[in-house]
Amino acid sequence: MTIAAELSPSPLALRPTCDDKNAKALRFIEEMTRNTDRVQERVLAEILSQNAQTEYLKRFQLNKATDRHTFKSKVPVVSELTNLGRNCSSGTSAGERKLMPTIREEMDRRQSLYSLLMPVMNHGIKSPSDPGGSEAETKTPSGLVARPVLTSYYKSEQFKNRPHDPYNVYTSPDEAILCPDSFQSMYTQMLCGLIMRHEVLRVGAVFASGLLRAIRFLQLNWEQLAHDISTGTLNPKITDPAITQRMAQILKPNPELANFITKECSGEDWEHIITRIWPNTKYLDVIVTGAMAQYIPTLDYYSGGLPLACTMYASSECYFGLNLNPICNPSDVSYTIMPNMGYFEFLPHDDSSSNSSSTLSRDSPPPLVDLADVEVGKSYELVLTGYSGLCRYRVGDVLQVTGFHNNAPQFRFVRRKNVLLSIDSDKTDESELQNAVENASVLLKEFNTSVVEYTSFADTKSIPGHYVIYWELLMKDSRHAPSGDVLEKCCLMMEESLNAVYRQGRVSDRSIGPLEIRVVKKGTFEELMDYAISRGASINQYKVPRCVTFTPITELLDSRVESVHFSPAEPHWTPERRG
């Protein structure tokens with residue numbers, strides 16, 4: 001297979017290309033972003049016309065009106081869904097499985113957005129590895145099919161009959177992607193990736209955590225994988241008929257490759273393992289914004305600092321837009337919302353005020369802002385009206401406007417809108433907790449140790465209650481592990497990084513006890529994922545919950561604790577710094 005000479009770090013939609021297909025795609029992006037408000041008006045009219053006879057919209061008596069004013073004055077903003085009446089996709093952003101309606105036509109829309117990714121990357125990077133996998137579907141009480149959003153895409157005719165696209169050339173055969181058994185799917189995809197190691201130019205997963213799970217899978221299964229490659233026989237645990245038939249065409253004895261894999265994987269040193277096994281890899285295609293940013297140091301460790309491409313902003317509810325500068329620094333990632341994907345409104349968000357998180361009633365219409373009218377520097381919560389039936393649905397993502405591409409705003413993903421931890425009047429959200437973990441992690445660097453996973457819970461059994469943080473550590477040299485004193489300092493550093501209300505509760509009000517870090521055994525968070533999947537979570541969309549309250553989960557974590565550490569002193573706080 002061929003490979004492009006280089007990847008350009010500049011915004012590619014602004015440059016011409018000699019490839020007709022790429023040029024057409026880039027012109028489409030330009031057209032959509034120049035006419036943002038007009039496209040939004042058309043999209044809303046299409047959605048309201050298409051869904052006019054649904055039970056939900058009929059209750060608001062729109063009387064065939066499709067204009068914005070009537071829609072906004074009669075249809076309320078909602079944050080929960082009940083009684084879904086179509087096929088459903090599931091998402092897990094808040095740690096709990098939720099169902100979203102979807103329709104066949106939505107797959108065409110999502111496929112069209114996928115088709116824009118390669119032109120934006122500007123050069124043809126072929127043969128990416130590990131697109132993910134399909135998972136088991138269930139049914140709602142009313143008999144509707146419910147499946148993870150990626151499974152919906154992989155099982156669609158759009159995926160099965162997809163036209164040739166360099167961005168969608170995988171080492172993984174379709175039979176492996178579509179297999180609902182997560183082990184068989186992952187094993188086969190990894191096996192094919194190893195067999196075609198010199199053809200892999202991009203390694204990726206939806207989330208950074210998913211790619212790290214794939215590396216962990218290789219650590220646990222490399223011996224059997226090497227055996228299969230050496231002998232040309234397939235692991236007997238792989239029983240899916242479609243996979244076994246397909247692998248019979250792919251798998252041939254290759255002792256030389258098997259010896260190479262054994263040499264690379266048998267030692268304790270896994271630094272740069274991605275480029276050692278897949279030497280032609282040009283970048284990692286993973287989401288590392290928001291809570292996923294914590295995985296960047298670990299990804300750099302395994303990849304040798306390969307570029308991290310965040311290409312698309314998407315969720316179970318809708319595919320929203322693209323990063324027009326995909327090989328930028330992860331901290332600079334901004335997504336351009338494509339106005340043809342849905343009708344978007346924005347609820348102004350102010351972290352210092354409770355107004356943005358209050359319940360929005362139909363009697364008091366929310367001060368929502370249209371896509372073309374958001375302001376640079378301000379933060380908003382995204383509200384979606386989609387073709388699949390969602391109407392004025394609060395997605396729960398907090399976005400900050402960083403600029404515009406033509407007339408289309410560009411957003412930085414800030415965080416999910418939720419409060420993770422609270423003991424008293426304190427409220428610690430996901431971004432605050434992540435920032436505290438990152439600051440504390442600095443103290444571990446001199447020991448070549450990093451935090452690879454974490455979660456938390458508010459322990460209110462003790463008086464006063466206190467924050468408990470579970471850490472899983474990656475140590476390059478176990479003989480030079482951080483001491484108990486260092487981990488206690490990490491506790492204090494986390495407390496110093498939290499907001500003034502928390503520190504006031506610790507120092508002045510005495511309503512919060514010292515923060516506690518519980519270090520768990522290696523592989524604990526993989527067990528946590530396995531448990532979540534056994535209860536119906538999606539392996540492709542699974543994200544470690546940053547706060548846990550479910551007793552079986554806390555019991556699992558506590559059973560894997562190796563050491564416990566408390567903050568040795570109070571964090572700094574004075575009345576002058578209040579708020």
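Predicted, not measured: the structure shown is a model, and the values here were computed from it.
Atom CG of L48 is separated from atom OH of Y343 by 9.5 Å, given to the nearest 0.5 angstrom. A distance of 12.5 Å separates CG in N325 from OG1 in T311, rounded to the nearest 0.5 Å. In this structure, L498 CG and T428 OG1 are separated by 5.0 Å, a value rounded to the nearest 0.5 Å. Distance check, rounded to the nearest 0.5 Å: CG of L299 to CG of L212 gives 4.5 Å. The distance from the CD1 atom of I337 to the CG atom of L382 is 6.5 Å, given to the nearest 0.5 Å. Atom CG of residue D397 and atom CZ of residue F320 lie 6.5 Å apart, to the nearest 0.5 angstrom.
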Tell me, with the steps shown, if F550 and Y531 meet side chain to side chain contact (heavy atoms under 4.5 Å, CB included).
CA-CA 12 Å; F550 191 43; Y531 177 78; 3.2 Å; yes
Could you walk me through whether L433 and S456 pass the side chain to side chain contact (heavy atoms under 4.5 Å, CB included) check?
CA-CA 9 Å; L433 180 61; S456 64; 3.6 Å; yes
Show your reasoning for whether side chain to side chain contact (heavy atoms under 4.5 Å, CB included) applies to I243 and S185.
CA-CA 9 Å; I243 289 180; S185 176; 5.8 Å; no
Check the pair V369 / F344 against side chain to side chain contact (heavy atoms under 4.5 Å, CB included), numbers first and verdict last.
CA-CA 9 Å; V369 179; F344 306 113; over 6 Å; no
Set out, in order, the CA-CA distance, both residues' side-chain angles and the distance that settles salt bridge (charged side-chain N to carboxylate O under 4.0 Å, His left out) for E30 and R34, then state yes or no.
CA-CA 6 Å; E30 294 299 291; R34 284 197 181 103; 3.7 Å; yes
Quick one, R59 with E55, criterion salt bridge (charged side-chain N to carboxylate O under 4.0 Å, His left out). Give me CA distance, side-chain angles, the key distance, then yes/no.
CA-CA 7 Å; R59 73 176 69 168; E55 290 183 19; 5.9 Å; no
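Looking at D240, its side chain does come within 3.5 Å of a backbone N or O of A242 through a donor-acceptor pair. Side chain of T188 to backbone of Q184: a donor-acceptor contact under 3.5 angstrom is found. With hydrogens and angles disregarded, no donor-acceptor distance shorter than 3.5 Å links the side chain of S49 to the backbone of E46. Of the possible polar contacts, none joining the T289 side chain to the F413 backbone as a donor-acceptor pair under 3.5 Å is found.
Among all heavy-atom pairs drawn from I327 and A309, the shortest one is CD1-CB, 3.8 Å. Nearest heavy atoms, M341 versus Y319: CB-O, 3.2 Å. Minimum heavy-atom separation, P339 to V43: O-CG2, 3.5 Å. Taking every heavy atom of both residues into account, V78 and C391 meet most closely at CG2-O, 3.7 Å. Across Y387 and N51, no two heavy atoms sit closer than the pair O-ND2, 3.4 Å. The shortest heavy-atom contact between P348 and P367 is CD-O, 3.3 Å.
For T524, there are no side-chain hydrogen bond (donor to acceptor under 3.5 Å, both in side chains) partners two or more places apart in sequence or in a different chain.
E438 and Q434 share a donor-acceptor pair across their side chains, judged by distance under 3.5 Å alone. Between T551 and E555, the side chains place no donor N or O within less than 3.5 Å of an acceptor N or O (distance only, hydrogens not considered). A donor atom on one side chain and an acceptor atom on the other are not found under 3.5 Å apart for S334 and Q410. Checking D558 against Y470 by side-chain atom types alone, a donor-acceptor pair falls below 3.5 Å. A side-chain donor-acceptor contact under 3.5 Å links N406 and T33. For the residue pair Q40 / D370, no side-chain donor-acceptor distance below 3.5 Å is found, with atom types taken as modelled.
If you look at Y502 and Y467, their ring centroids are closer than 6.0 Å. Ring pair Y335/F411: centre-to-centre distance not below 6.0 Å.
By the 6.0 Å and 45° rule, R546 stacks over the aromatic ring of Y454.
Sequence neighbours left out, the pairs with a member in residues 324-347 that pass salt bridge (charged side-chain N to carboxylate O under 4.0 Å, His left out) are K72-E345, E345-R392.
Ring orientation note: the planes of F217 and Y187 are nearly perpendicular, at an angle over 60° on the 30°/60° scale.
In this structure the side chain of D37 never reaches within 4.5 angstrom of the side chain of N407, judged on heavy atoms. Under the 4.5 Å side-chain criterion, counting only non-hydrogen atoms from C-beta, V286 is not in contact with C310. Taking 4.5 Å as the limit, every side-chain heavy atom of I423 sits out of range of all side-chain heavy atoms of S511. Here the side chains of L390 and T385 are not in contact, with every heavy-atom distance at 4.5 Å or above. In this structure, Q189 and T171 have side chains that are not in contact, with every pair of non-hydrogen atoms separated by 4.5 Å or more. Two residues are said to be in side-chain contact when any heavy atoms from C-beta on lie closer than 4.5 Å; F60 and P76 meet this criterion. Using a 4.5 Å heavy-atom threshold, the side chains of T554 and T549 count as separate. Annotation: side chain of M338 is in contact with side chain of F28 (closest heavy-atom distance under 4.5 Å).
Partner Q400 forms a side chain to side chain donor-acceptor pair (under 3.5 Å) with one of R412, K378, H349 and no other, that one being R412. Of the options L44, I47, T66, a side chain to side chain contact (heavy atoms under 4.5 Å, CB included) to F71 is made by L44 and by none of the others.
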